[in-house]
Protein chains: 2
Amino acid sequence: MSRVDKDTIIRAAEEVIREKGARKLTLDAVAAQCGLSKGGLLHHFRTKQALLKAMLESAIEQEEAIRLECGEGPGSELAARVQCMFALMENDEGLPRSLIAAVAEDPSLLEPIKAKEARVRREVCDQSGDPELALLLLSAARGIFLGRVLGVMEPGDPAIDRLRERLLAMCKELD
Amino acid sequence: MSRVDKDTIIRAAEEVIREKGARKLTLDAVAAQCGLSKGGLLHHFRTKQALLKAMLESAIEQEEAIRLECGEGPGSELAARVQCMFALMENDEGLPRSLIAAVAEDPSLLEPIKAKEARVRREVCDQSGDPELALLLLSAARGIFLGRVLGVMEPGDPAIDRLRERLLAMCKELD
DNA sequence: CAAAACCAACCAACTGGTCGGTATGGTAGC
DNA sequence: GCTACCATACCGACCAGTTGGTTGGTTTTG
């Protein structure tokens, strides 16, 4: 029986990034955050890379879970993905933080995300009668999302809500 | 007369990020890259933060220069900005790399970019008869751009070209 | 000459990672 | 029940290499 499981550690790592920035994501900081010694932390993740990788995988899982929630109705894949991205923004969880840390540490860690992203694009295109417009709308959603990840766009901006409505309307129109 | 000027150092820093990743952007690495001792480097930039800040400012300048090139004709601000972003992608210069390094090091360094981004959005909105659609198109361009910055989207993807054409067409339609 | 540009040696703090050891809880044999 | 054994979780000291930054001196240039 473990008192601290891997998921707790991943959350702690995300918290460190949130508080101190991606550059300060050190093993010591993570260990301190979840009340563990560095030795204990390294017992769960043998290297820092392993921790980063687990963070990304966890983030992807979370995203896919939200995606399923958004796609229950008869809407298209595109609409579901757009909704999913906005949902992801509301409770800014692991993915954004992990993304930044990973790309700073070792861009090759993003390979799984790259693959997932390509798959989503293909699905969205295949399903739509106007693949280019579909891709364009998807890109717009990602632009807003990544803008928030980088902190370039304000969280509470009312324009975001209006953009979401407009985006979703255009998605429906496309179907 | 200096044998190595600040601009050379900034370019060297960008090169380091390109070759080794944002995390490896160290003073030693930058000094080595531009054939300077660390002491010499620190003579030009007293702290690492100062170097980062200068990198961002330089990147913004470059972007504004490209923006002016793109906006010579009668096109709207929106069209010019979209064109500018695609031009920025073709010769992937400092801005993308600097962005990642800065956000990893200290997100508050992005403040100038945030301000500039907000200003652009305002201009684009003010000029357009359909501000939301304009913002949406701008977001799409940024989504593609940031997707490339993070390495999530392939550089040579032909879809990018098609997306650019479509985006520009929609911009013209909006005018 | 005086200032600016530059260098080499150095430093303290931090980094990821190793290592020997301890605490705990389960399990098999008696 | 008790003992011997073992695996897992965890600790804390330690290490070598790296980091940003300092200092004191040397070269270059106007």
Side-chain angles (χ1 to χ4, degrees), chain A residues 1-58 97-98 100-109, chain B residues 1-58 97-98 100-109:
Chain A
M1 202 57 179
S2 57
R3 303 199 320 207
V4 172
D5 64 351
K6 300 203 175 198
D7 211 60
T8 305
I9 295 176
I10 291 175
R11 300 292 161 81
E14 290 169 0
E15 185 59 25
V16 169
I17 299 179
R18 188 167 328 170
E19 287 177 4
K20 308 186 189 175
R23 182 66 191 279
K24 297 285 182 61
L25 181 72
T26 67
L27 296 182
D28 291 272
V30 175
Q33 178 69 34
C34 57
L36 212 60
S37 72
K38 189 154 68 171
L41 168 60
L42 281 162
H43 170 74
H44 290 280
F45 297 99
R46 279 220 288 263
T47 68
K48 190 184 178 184
Q49 266 227 353
L51 171 58
L52 263 305
K53 200 177 152 204
M55 284 176 73
L56 282 181
E57 281 167 6
S58 157
R97 322 283 175 179
S98 308
I100 294 174
V103 79
E105 189 80 23
D106 176 8
S108 74
L109 280 169
Chain B
M1 201 56 179
S2 57
R3 303 201 320 208
V4 171
D5 65 351
K6 301 204 175 196
D7 211 60
T8 305
I9 296 175
I10 291 175
R11 299 294 160 81
E14 289 168 2
E15 185 60 23
V16 169
I17 299 179
R18 189 167 327 170
E19 286 176 4
K20 307 186 188 173
R23 181 65 191 278
K24 298 285 181 63
L25 181 73
T26 68
L27 296 182
D28 292 271
V30 174
Q33 177 70 33
C34 58
L36 209 60
S37 73
K38 189 155 67 169
L41 167 60
L42 282 162
H43 171 73
H44 290 280
F45 297 100
R46 279 219 289 264
T47 67
K48 190 184 178 184
Q49 266 226 352
L51 172 57
L52 263 305
K53 199 177 152 204
M55 284 177 72
L56 282 181
E57 281 165 7
S58 156
R97 320 284 174 178
S98 307
I100 293 174
V103 79
E105 189 80 23
D106 177 7
S108 74
L109 281 169

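Chain letters run A, B, ... following the sequence lines, proteins first and then strands; every chain starts at 1.
- Between the CG atom of B:L27 and the C1' atom of C:dC6 there is a distance of 16 Å, rounded to whole Å.
- Rounding to whole angstrom units, CG of residue B:L42 and P of D:dG20 are separated by 9 Å.
- Between A:H43 and the phosphate of D:dA9, there is a side-chain N or O to OP1/OP2 separation shorter than 4.0 Å.
- The nearest whole Å value for the distance from the CZ atom in A:F45 to the P atom in C:dT18 is 16 Å.
- Contact annotation: the side chain of A:I100 never approaches that of A:I17 to less than 4.5 Å [non-hydrogen atoms, C-beta and beyond].
- At least one side-chain heavy atom of B:L109 sits under 4.5 Å from a side-chain heavy atom of B:K53.
- To the nearest angstrom, P of C:dG16 lies 12 Å from NZ of A:K24.
- At D:dT8, none of the side-chain N or O atoms of A:H44 fall inside 4.0 Å of OP1 or OP2 (strictly under the cut-off).
- Summarising the geometry, the separation between CG on A:L51 and P on C:dT15 is reported as 15 Å, rounded to the nearest angstrom.
- At whole-Å resolution of the value, CZ in B:R46 and C1' in C:dA5 are 15 Å apart.
- Straight-line distance from the CD atom of B:E105 to the C1' atom of D:dT19: 11 Å, rounded to whole Å.
- Within the 4.5 Å cutoff, side-chain heavy atoms of B:T8 are placed close to those of B:D5.
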Please tabulate the protein-to-nucleotide N/O contacts below 3.5 Å involving nucleotides 7-14 of chain C, giving atom names and distances.
{"from": "C:dC7", "atom 1": "OP2", "to": "B:S37", "atom 2": "N", "distance (Å)": "2.8"}
{"from": "C:dC7", "atom 1": "OP2", "to": "B:S37", "atom 2": "OG", "distance (Å)": "3.2"}

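- Atom CG of residue B:L41 and atom NZ of residue B:K38 lie 9.0 Å apart, to the nearest 0.5 angstrom.
- Rounded to whole Å, the distance from CD1 on A:I9 to P on D:dA9 is 10 Å.
- Applying the side-chain hydrogen bond (donor to acceptor under 3.5 Å, both in side chains) criterion to B:Q33, with sequence neighbours excluded, gives no partner residue.
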Would B:S108 and B:D106 satisfy side-chain hydrogen bond (donor to acceptor under 3.5 Å, both in side chains), going step by step from the backbone distance to the final call?
CA-CA 5 Å; B:S108 74; B:D106 177 7; 3.0 Å; yes

